[in-house]
Undergrad: 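This is the structure I want to talk about, given as structure tokens.
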Amino acid sequence: MPKLDGGWRYDKAAGQIVIDLAQVQTDGARYRLPIEVAVASDGAPAARVERVEVTGLQNRFTLAVDREPASVTLDPRFVVLMDATFAKR
């Protein structure tokens, strides 16, 4: 089973969030995982959902945003069978 450790940070100067995800399973497997990321902003009617694809052991993604998100959620619909730790950094 995939095991991910990661987080996100807001880069105000670039107008984006930076997401880092590492595959940390200890069985030597490497997975290719399409994963949704929900970006919620205060005052927005619904979270914006983007899709990223984890392909390596270390992965970095950037998503453009207008302002700092209230929250960023990995796999908001619980579609991917995985063990994941994900938080704001």
Side-chain angles (χ1 to χ4, degrees):
M1 175 177 0
K3 184 173 184 180
L4 300 180
D5 182 42
W8 66 277
R9 66 180 171 81
Y10 174 60
D11 182 342
K12 184 176 182 176
Q16 64 187 14
I17 55 172
V18 179
I19 299 169
D20 289 306
L21 292 171
Q23 293 191 50
V24 295
Q25 59 274 356
T26 58
D27 61 2
R30 178 186 271 174
Y31 296 91
R32 180 180 214 91
L33 304 167
I35 301 176
E36 291 180 338
V37 177
V39 180
S41 297
D42 289 333
R48 181 178 108 207
V49 178
E50 299 280 343
R51 183 177 163 179
V52 298
E53 188 158 344
V54 173
T55 57
L57 295 177
Q58 300 291 328
N59 303 269
R60 175 167 281 178
F61 309 99
T62 57
L63 301 174
V65 292
D66 295 332
R67 60 181 180 247
E68 184 171 4
S71 67
V72 177
T73 306
L74 185 68
D75 193 28
R77 297 184 303 137
F78 303 102
V79 174
V80 180
L81 178 61
M82 66 179 165
D83 180 10
T85 303
F86 186 75
K88 183 176 182 181
R89 296 193 170 162

Undergrad: Locate the shortest heavy-atom distance separating Asp83 from Met1; write the atom from each residue and the value.
TA: N-SD, 3.9 Å
Undergrad: Hey, does the side chain of Arg9 reach the backbone of Asp20 with a donor-acceptor pair shorter than 3.5 angstrom?
TA: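 No; judged by distance alone, with no hydrogens or angles, the pair does not exist.
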Undergrad: Identify the two heavy atoms, one from Ser41 and one from Pro69, that lie closest to each other, and give their separation to 0.1 Å.
TA: OG-CA, 4.3 Å
Undergrad: If hydrophobic residues (ILVMFWY) are linked whenever their side-chain heavy atoms come closer than 4.5 Å, directly or via other members, who joins Val52 in its cluster?
TA: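 Joined to Val52, directly or through intermediates: Leu4, Trp8, Tyr10, Ile17, Ile19, Leu21, Tyr31, Leu33, Ile35, Val37, Val39, Val54, Phe61, Leu63, Val65, Val72, Leu74, Val80, Met82, Phe86.
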Undergrad: Output yes when a side-chain donor or acceptor of Arg67 lies under 3.5 Å from a complementary backbone atom of Asp42, and no otherwise.
TA: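 Such a contact is found between Arg67 side chain and Asp42 backbone.
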Undergrad: If you measure from the Lys or Arg side-chain nitrogens to the Asp or Glu carboxylate oxygens, is any gap between Glu68 and Lys12 under 4.0 Å?
TA: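 Salt bridge flag = no for Lys12 with Glu68.
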Undergrad: Give, for atom CG of Asn59 and atom CD of Gln23, the distance between the pair rounded to the nearest 0.5 Å.
TA: 6.5 Å
Undergrad: Kindly compute the distance separating NZ (Lys3) from OG1 (Thr85), expressed to the nearest 0.5 Å.
TA: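 Spacing of NZ (Lys3) from OG1 (Thr85) equals 7.0 Å.
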Undergrad: If the condition is salt bridge (Lys or Arg N to Asp or Glu O under 4.0 Å), which residues does Arg51 pass it with, not counting sequence neighbours?
TA: none
